[in-house]
Amino acid sequence: MLIVLARVAGDRIMAARRTDESASFGIEYVKDLPSFVAAEERATPRWVWDDTSHWYPQLLAARVRVDRCYDLRLCHAILRNSELTSGSALATGAASSWDAPRVPDRPASGALFELEGDEPRVDADPVAELVLQREAVARSAQPGRIDRLLAAESAGALIAAELEYAGLPWDAARHEEILADLLGPRPPEGERPAALRELLEQVQQLLEAPGLNPDSPVDLLRALGRVGLQVTSTRSWELKQLKHPAIGPLLEYKKLARLLSANGWNWLDTWVRDGRFRPGYVPGGVVTGRWAANGGGALQLPRQIRGAVIADPGWKLVVADASQLEPRILAAMSGDRGMVQAGAAGDLYAGIVASGAVETRDQAKVAMLGAMYGATTGESGRLMPRLERAYPKAIALVEEAARAGERGEIVTTRLGRSSPRGQGAGYDEVASESEVSRARNRARAWGRFTRNFVVQGSAAEWALCWMASIRRRLHAMADGTWLTDAPHLVFFLHDEIVVHCPAELTDTVSEQVRLAAVEAGQLLFGAIPAEFPVTVAVVDNYGQAK
DNA sequence: TCCGAATGCCAC
DNA sequence: AAACGTGGCATTCGGA
């Protein structure tokens, strides 16, 4: 059963229900959304709505969870662009409001937004859009794959809302300790903490630059130049090459200044409330299908402060990451038996060494990353021919993706997400030499993008399937207990998840997380015997994992 | 004074 | 050693 929800004129909510494919929609109006959804959810319908982030948070706030949904905006973006649905009316029609960029939900009351016109929002007709989308899927050459992707993408939207609802357990006191240890006590607003002040004085003295602000690259570059240090930038790795007494304290300053500005006291005040860090997640926010973040920097949580992520008393964190996910995805997608075999024993990179393709694990890793990113120089570039000889099908897949991109063609992930229509490679015949070379560079850069797109995007699909399966399994374990009173997901980072879990359930949860990884592999690749092992750590704080 | 580009570093 | 993909975010700096 499907139930489509929409806001209609007069700020009313309409529900259009369809019990099976052949039936027509029955319309009703909803008085109280949470109680309506809670009642209907007993029959586990698929809820269809324009944008999960506009509907689900208020349901969760009322302690109403839903099992399945269909996010029209996210699915539209996939179908509109996918090679697998390129002939559909949805793909060929004029752009509509469904193509508009995501609109962040309006805060309940915000003076800033009142000016923008506060008439109630009326949704574009979601039933018509749903019909168009289903038609596009039905006419696709690969309806199974694309449907799987739409389901996974929609499940991801539910998970993102639940992650934000639950929040990541965060011990503000522990965070403050970490800051105090490294930076000194919290300084008054606008002043540098003690550790930074001391380092700054040293740097200023050693460079004989009393007024120097190391946070200003221009200023710093000038000061370094005055003592004879020739550098083209002030990046840390470049400064590390230099020999001068000021470099040590300068690098230390930069490290601590980064901690202060990115995850210091201001960050703590802004993003942590009541023992939870609640960042913004944006499912489908990256072209490849990865999630993006907006607010809080969830996807760049530095290792330095992960020790502040502490499970509640009596609870644990189950931290799981998919080992060498992208190369394994490449192996499975290309059907490269040798590379699949190399990953069968556990450590894919060790398997590559064992096959004799390269000498060390580090070489295997660098070479694989280079193959997926398009490295041409350095050690990675030098190892490529050997990798290609050992794993011809895997390397051919990324090489073909790169060539397609260079020709201006689109490429597509395992389940059917296509790259944006690119940067044409063309240049005209009368173009000057520099124009030709610029065009060639642009084409090559786009080729590196499409090369990476197929692997990164397919890995993102695997991760969505994995996480959706984990969510389903955790819900089954919960046996009616509310989301956050039972084991629940609290963090997601591309190929890694964290489950907040009562201590006595960690074994079961770990097992379910592993089973979910097997299931994800089957969802993407069917019977291909590719392994997707996960490393699971049961810890009290996130800093203890890995 | 506001805003976008440039810079640099964090995550995968 | 520093070129090789996807991002977010804080800070500086120069132009409107």
Side-chain angles (χ1 to χ4, degrees), chain A residues 190 192 212-222 231-241 250-251 253-267 270-271 279-306 321-327 329-330 362-363 365-384 398 401-402 405 411 413 417 419-420 441 444-460 462-463 491-497 542 546:
Chain A
R192 285 189 174 87
L212 170 68
N213 174 14
D215 299 327
S216 161
V218 177
D219 202 6
L220 182 54
L221 213 52
R222 222 178 353 240
V231 273
T232 52
S233 80
T234 63
R235 297 186 187 94
S236 289
W237 66 261
E238 197 164 345
L239 299 182
K240 272 184 200 126
Q241 326 288 319
L250 176 56
L251 290 171
Y253 176 94
K254 286 170 81 80
K255 190 144 201 78
L256 294 179
R258 164 74 194 191
L259 172 65
L260 174 67
S261 73
N263 297 99
W265 293 278
N266 284 340
W267 182 91
T270 308
W271 295 106
Y281 292 99
V282 189
V286 178
V287 271
T288 58
R290 275 187 175 183
W291 288 13
N294 75 342
L299 305 185
Q300 41 182 142
L301 208 61
R303 294 185 175 281
Q304 241 173 347
I305 56 159
R306 291 189 182 184
D321 78 282
S323 315
Q324 305 121 16
L325 178 59
E326 292 195 354
I329 290 288
L330 173 57
D362 262 6
Q363 284 183 338
K365 187 173 178 177
V366 161
M368 279 308 306
L369 291 175
M372 293 182 300
Y373 292 162
T376 52
T377 61
E379 185 182 20
S380 184
R382 279 194 299 281
L383 291 167
M384 278 294 284
V398 283
V411 296
T413 59
R417 192 187 305 263
S419 62
N441 284 339
R444 287 208 188 111
W446 194 253
R448 288 193 297 276
F449 164 64
T450 51
R451 169 197 293 268
N452 188 250
F453 182 95
V454 292
V455 180
Q456 187 182 115
S458 301
W462 183 93
F491 195 57
F492 170 55
L493 188 53
H494 306 313
D495 61 358
E496 179 171 350
I497 55 99
Y542 195 14
K546 256 199 304 195

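Quick note on labels: first sequence line is chain A, next is B, and so on, each numbered from 1.
- Atom CZ of A/Phe449 and atom C1' of C/dT6 are 9 Å apart (whole Å).
- Which of C/dG7, C/dG5, C/dA3 sits closest to the side chain of A/Thr377 comes down to C/dA3.
- Between the C1' atom of C/dA3 and the CZ atom of A/Arg382 lies a distance of 13 Å, rounded to the nearest Å.
- Nucleotide C/dA1 holds its P atom 17 Å from the NZ atom of A/Lys365, rounded to whole Å.
- Residue contacts for A/Val287: at a heavy-atom cut-off of 4.0 Å it reaches the sugar-phosphate backbone alone, with no base atom in range.
- Among the protein residues, A/Gly374 comes within range of the sugar-phosphate backbone only, with heavy atoms under 4.0 Å from sugar or phosphate atoms but none that close to a base.
- Straight-line distance between the C1' atoms of C/dC4 and B/dC12: roughly 15 Å, to the nearest whole Å.
- Here A/Tyr281 contributes atom OH and A/Phe492 contributes atom CZ; the two are 9.0 Å apart, rounded to the nearest 0.5 Å.
- Among the heavy atoms of the strands lying under 4.0 Å from A/Gly296 are primed sugar atoms or P, OP1, OP2 only; no base atom is included.
- Taking each heavy atom of A/Pro214 and A/Leu220 in turn, the nearest pair found is O-CD2, 3.9 Å.
- Within the model, atoms CG of A/Leu250 and NZ of A/Lys240 stand 11.5 Å from one another, a figure rounded to the nearest 0.5 Å.
- In the 5' to 3' direction, nucleotides of DNA chain B lying under 4.0 Å from heavy atoms of chain A begin and end at B/dT7 to B/dC12.
- Phosphate proximity of C/dG5 to A/Thr288: absent, as no side-chain N or O sits under 4.0 Å from OP1 or OP2.
- Side-chain contact check for A/Arg258 versus A/Lys255: every heavy-atom pair is 4.5 Å or farther apart.
- Using a 4.0 Å heavy-atom cutoff across all strands shown, A/Arg451 reaches no nucleic acid atom at all.
- With a 4.5 Å cut-off on side-chain heavy atoms, A/Leu259 and A/Gln304 count as touching.
- Inter-residue side-chain proximity for A/Met368 and A/Leu330 is flagged as met; some heavy-atom pair is nearer than 4.5 Å.
- Across all strands, A/Gly297 comes closer than 4.0 Å only to sugar-phosphate atoms, never to a base (heavy-atom distances).
- The separation between A/His494 atom NE2 and C/dG8 atom C1' is 10 Å, rounded to whole Å.
- Residues satisfying the ring pair (Phe, Tyr, Trp, His ring centres under 6.0 Å) criterion with A/Phe449, sequence neighbours excluded, are A/Trp446, A/Phe453.
- Nucleotides of DNA chain C nearest to A/Leu299 and A/Ser216 differ in position, and the one nearer the 5' end is that of A/Leu299.
- At a threshold of 4.0 Å, the pair A/Lys254-A/Glu238 does not count as salt-bridged, since none of the basic side-chain nitrogens sits closer than that to a carboxylate oxygen.
- The side chain of A/Asn294 contributes no N or O atom lying less than 4.0 Å from OP1 or OP2 of C/dG8.
- To the nearest angstrom, P of C/dT6 lies 8 Å from CH2 of A/Trp446.
- Along DNA chain C, the nucleotide nearest A/Glu326 and the nucleotide nearest A/Asp219 are compared for position; the residue whose nucleotide lies closer to the 5' end is A/Glu326.
- Summarising the geometry, the separation between OH on A/Tyr281 and P on C/dT6 is reported as 22 Å, rounded to the nearest angstrom.
- The CD-P distance, from A/Gln456 to C/dG5, rounds to 11 Å in whole Å.
- Note: A/Asn452 CG to A/Glu326 CD = 6.0 Å, rounded to the nearest 0.5 Å.
- Atoms CD and CG, from A/Gln456 and A/Leu325 in turn, are 10.5 Å apart once rounded to the nearest 0.5 Å.
- With rounding to whole Å, A/Asp495 atom CG is found 17 Å from C/dG7 atom P.
- Across all strands, A/Arg444 comes closer than 4.0 Å to no nucleic acid atom at all (heavy-atom distances).
- No contact: A/Ser380 has no heavy atom under 4.0 Å from any strand.
- Closest approach of A/Leu299 to A/Ala292, counting heavy atoms only: CD1-C, 3.7 Å.
- The stretch residues 255-267 of chain A comes close to DNA chain B through A/Lys255, A/Arg258, each having a heavy atom under 4.0 Å from the strand.
- Looking at heavy-atom distances under 4.0 Å, A/Gly295 makes contact with sugar-phosphate atoms alone, never a base.
- One finds no side-chain N or O of A/Arg448 lying less than 4.0 angstrom from the OP1 or OP2 phosphate oxygen of C/dC4.
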